[in-house]
Amino acid sequence: MWYSKHSFLTAYGNIMHPMNGPDMWEKSGKDPIKPPDFKRQPGRPRKARRKEADEGAKKPFKLSKIGVKMTCRRCGIQRHNTRTCKAPVDALSASSRGKGRGRGKGKGKNPTPT
């Protein structure tokens, strides 16, 4: 809703003078207002405080995985991982692809002396 210039000046034409500091206020003779008692809220307390918008991340050098395409280690197809892979286990050879560095059981060593 738009106001005319005359109604705007009438509404905001009065000057509001700044107030003096609290030491200049009139004393009421009543007790000062106290803050309310602290009451613990229900629920689990937060582990960390809420960060402000201008605060940086904890590890700024760590890259996010947003936009990274997931690849299954069993069948090599994208869009799913090993846990949700629907390929039958028999059809895939588990020994054809090494999984990680291994646990050192016979890798590079001769298990039986000759």
Side-chain angles (χ1 to χ4, degrees):
M1 179 175 199
W2 297 94
Y3 294 106
S4 65
K5 182 179 177 182
H6 175 53
S7 61
F8 180 82
L9 291 174
T10 306
Y12 296 103
N14 300 332
I15 297 173
M16 185 178 285
H17 297 286
M19 297 181 68
N20 297 328
D23 54 339
M24 302 289 285
W25 294 347
E26 294 178 19
K27 303 295 181 194
S28 65
K30 297 182 180 179
D31 292 335
I33 298 174
K34 294 181 182 178
D37 294 333
F38 177 76
K39 184 178 178 184
R40 183 177 285 284
Q41 297 293 317
R44 185 175 181 152
R46 292 188 177 274
K47 188 169 182 174
R49 66 180 175 82
R50 292 181 184 173
K51 301 213 171 163
E52 296 292 331
D54 60 341
E55 283 188 275
K58 197 171 191 181
K59 296 180 181 179
F61 52 86
K62 186 173 181 180
L63 298 174
S64 69
K65 295 188 90 174
I66 296 174
V68 175
K69 294 191 177 183
M70 196 180 325
T71 305
C72 178
R73 295 180 79 185
R74 286 173 57 193
C75 62
I77 299 173
Q78 290 185 350
R79 298 190 188 145
H80 71 274
N81 58 14
T82 308
R83 178 181 284 190
T84 59
C85 186
K86 302 230 189 297
V89 179
D90 318 356
L92 302 172
S93 65
S95 62
S96 67
R97 184 176 187 147
K99 293 186 178 181
R101 292 173 31 190
R103 296 189 181 174
K105 292 184 179 179
K107 295 253 181 186
K109 299 177 186 174
N110 190 0
T112 56
T114 54

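Residue indices begin at 1 and follow the sequence shown.
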Chemist: Is there side-chain contact between Asn81 and Cys72, with at least one heavy-atom pair below 4.5 Å?
Modeler: no
Chemist: Hey, quick one: are Val68 and Met70 part of the same hydrophobic cluster, counting side-chain heavy atoms closer than 4.5 Å, chains of contacts allowed?
Modeler: no
Chemist: Identify all side-chain donor-acceptor contacts of residues 15-34 below 3.5 Å with residues at least two apart in sequence or on another chain.
Modeler:
| from | atom 1 | to | atom 2 | distance (Å) |
| --- | --- | --- | --- | --- |
| Trp25 | NE1 | Asn20 | O | 2.9 |
| Trp25 | NE1 | Gly21 | O | 3.3 |
| Ser28 | OG | Lys30 | N | 3.4 |

Chemist: Looking only at heavy atoms, what is the nearest atom pair of Cys85 and Arg74, with distance?
Modeler: CB-NH1, 3.9 Å
Chemist: Atom NE2 of His80 and atom CD of Gln78: how far apart are they, to the nearest 0.5 Å?
Modeler: 10.5 Å
Chemist: Is the backbone N or O of His6 less than 3.5 Å from a side-chain atom of Thr10, with the two atoms forming a donor-acceptor pair by type?
Modeler: yes
